[in-house]
2 protein chains.
Amino acid sequence: MDTSQLLKGVLDLAVLAVLRDEDGYGYDVLRRLRGGGIEEVGDASVYGTLRRLYKAGYLSSYVVPSDEGPHRKYYGLNDLGRARLVETEQAWRAFAETLDGILRKGKAA
Amino acid sequence: MDTSQLLKGVLDLAVLAVLRDEDGYGYDVLRRLRGGGIEEVGDASVYGTLRRLYKAGYLSSYVVPSDEGPHRKYYGLNDLGRARLVETEQAWRAFAETLDGILRKGKAA
DNA sequence: AGCACTATTGCGCATTACGCAGTACCGCGC
DNA sequence: GCGCGGTACTGCGTAATGCGCAATAGTGCT
């Protein structure tokens with residue numbers, strides 16, 4: 001049940017996806033992912049991914065002070081990020097289909 | 001296009017799947033995977049995965065001398081391996097569906 | 001004051017796929 | 001018979017990435 005290994009290489013995609021329609025800060029992205037069904041994701045993984053994607057130039061970032069707690073570092077998709085999202089999503093779908101083909105092969109035997 | 005990261009945690013599943021109907025040796029498993037569409041997989045990854053799965057108790061193994069080359073180390077699924085295959089496949093499908101849900105969310109907006 | 005929740009950062013670790021070198025065995029052409 | 005390409009496996013070191021845990025810090029409740 002090591003879901004963590006399935007996440008590898010896909011967390012980027014998931015994070016980009018939940019930021020597609022609205023900017024979000026780390027803790028919020030974490031909640032969106034968990035709310036979306038990826039319950040097991042660790043907080044450090046999300047923060048790490050956000051920093052990595054930002055460093056890679058896919059995200060813009062700005063800090064907003066909050067009334068109800070510490071400051072929040074918001075992230076949002078820029079053009080590169082949107083292109084990356086499309087690209088990664090396609091790669092994912094193609095790969096999923098390939099694997100599905102392998103899984104089905106001979107299953108009727 | 002870093003497909004290698006998508007492979008993480010899924011190569012186990014793919015290897016178990018191609019061994020489902022027939023035992024195979026490393027080099028052969030490699031060809032089955034590539035033939036199945038995972039072209040980019042490295043040989044060392046496959047050999048490593050086979051060893052890992054064997055060590056974990058999912059595979060049985062026997063060596064067969066070959067007329068046309070070096071000996072071949074065959075691997076086959078045992079009961080634990082078959083159970084693992086079912087389990088991993090379910091985990092994969094569930095996860096793929098979850099991710100799909102996240103990708104679709106808000107896409108109509 | 002202490003605790004829980006929100007929010008972020010950093011460190012070190014485990015897993016795992018990969019490249020590359022090395023070993024070895026075969027058959028073919030020269 | 002010697003090298004060469006294809007078959008077949010092993011081992012080593014590396015890179016990517018998700019995770020646990022500790023630390024920091026602000027807010028509000030008791």
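The analysis underlying the following values was restricted to heavy atoms, covering all of them including side chains, and did not include hydrogens, waters or symmetry mates. Chain identifiers are assigned alphabetically (A, B, ...) following the order of the sequence lines, protein sequences preceding nucleic acid strands; residue numbering begins at 1 within each chain.
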- [ ] Calculate the interatomic distance between L30(B) atom CG and dG19(C) atom P; express it in whole Å.
- [x] 12 Å
TODO: Report, as a single string ordered 5' to 3', how protein heavy atoms within less than 4.0 Å touch nucleotides 1-10 of chain C: B base, S sugar-phosphate only, - not at all.
DONE: -----BSBBB
Open item on the list: I'd like to check the salt bridge (Lys or Arg N to Asp or Glu O under 4.0 Å) partners of R82(B); sequence neighbours left out, ordered by chain and number.
Closed with: none
Give every donor-acceptor pair under 3.5 Å between a side-chain atom in residues 35-44 of chain B and any protein atom, sequence neighbours left out.
none

Open item on the list: Considering every strand and a 4.0 Å limit on heavy-atom distances, what is the contact class for G9(B): base, sugar-phosphate, or nothing?
Closed with: sugar-phosphate
Task: Side-chain donor-acceptor contact under 3.5 Å, Y58(B) with D12(B) - done: no
Open item on the list: If I take atom CG in residue L6(A) and atom P in nucleotide dG18(D), what distance separates them, rounded to the nearest angstrom?
Closed with: 12 Å
Task: Length of the NZ-C1' vector between K55(B) and dT10(D), whole Å - done: 14 Å
Anything under 3.5 Å between a donor and an acceptor, one on a side chain of residues 70-78 of chain B, the other on a protein residue two or more places apart or in another chain? List them.
residue : atom : partner : partner atom : Å
N78(B)  : OD1  : L80(B)  : N            : 3.1
N78(B)  : OD1  : G81(B)  : N            : 2.7
N78(B)  : ND2  : G57(B)  : O            : 2.9

Task: For atom NZ of K8(B) and atom P of dC18(C), their distance in whole Å - done: 8 Å
Open item on the list: Which Ile, Leu, Val, Met, Phe, Trp or Tyr residues join V63(B) in one cluster when any pair of side-chain heavy atoms under 4.5 Å counts as a link?
Closed with: none
- [ ] Could I get the full list of salt bridge (Lys or Arg N to Asp or Glu O under 4.0 Å) partners for R51(A), not counting sequence neighbours?
- [x] none
- [ ] Ignoring backbone atoms, test whether S45(A) places a side-chain nitrogen or oxygen under 4.0 Å from the OP1 or OP2 oxygen of dT17(D).
- [x] no
Open item on the list: Categorize V41(A) for me: base, sugar-phosphate, or nothing, with a 4.0 angstrom heavy-atom threshold over every strand shown.
Closed with: sugar-phosphate
Open item on the list: Between P on dT16(C) and CG on L7(B), what's the gap in Å once rounded to a whole number?
Closed with: 13 Å
Open item on the list: Could you tell me how far apart L16(A) (CG) and dT17(D) (P) are, to the nearest whole angstrom?
Closed with: 12 Å
TODO: Respond yes when some side-chain nitrogen or oxygen of R52(A) is under 4.0 Å from OP1 or OP2 of dG18(D), and no when none is.
DONE: yes
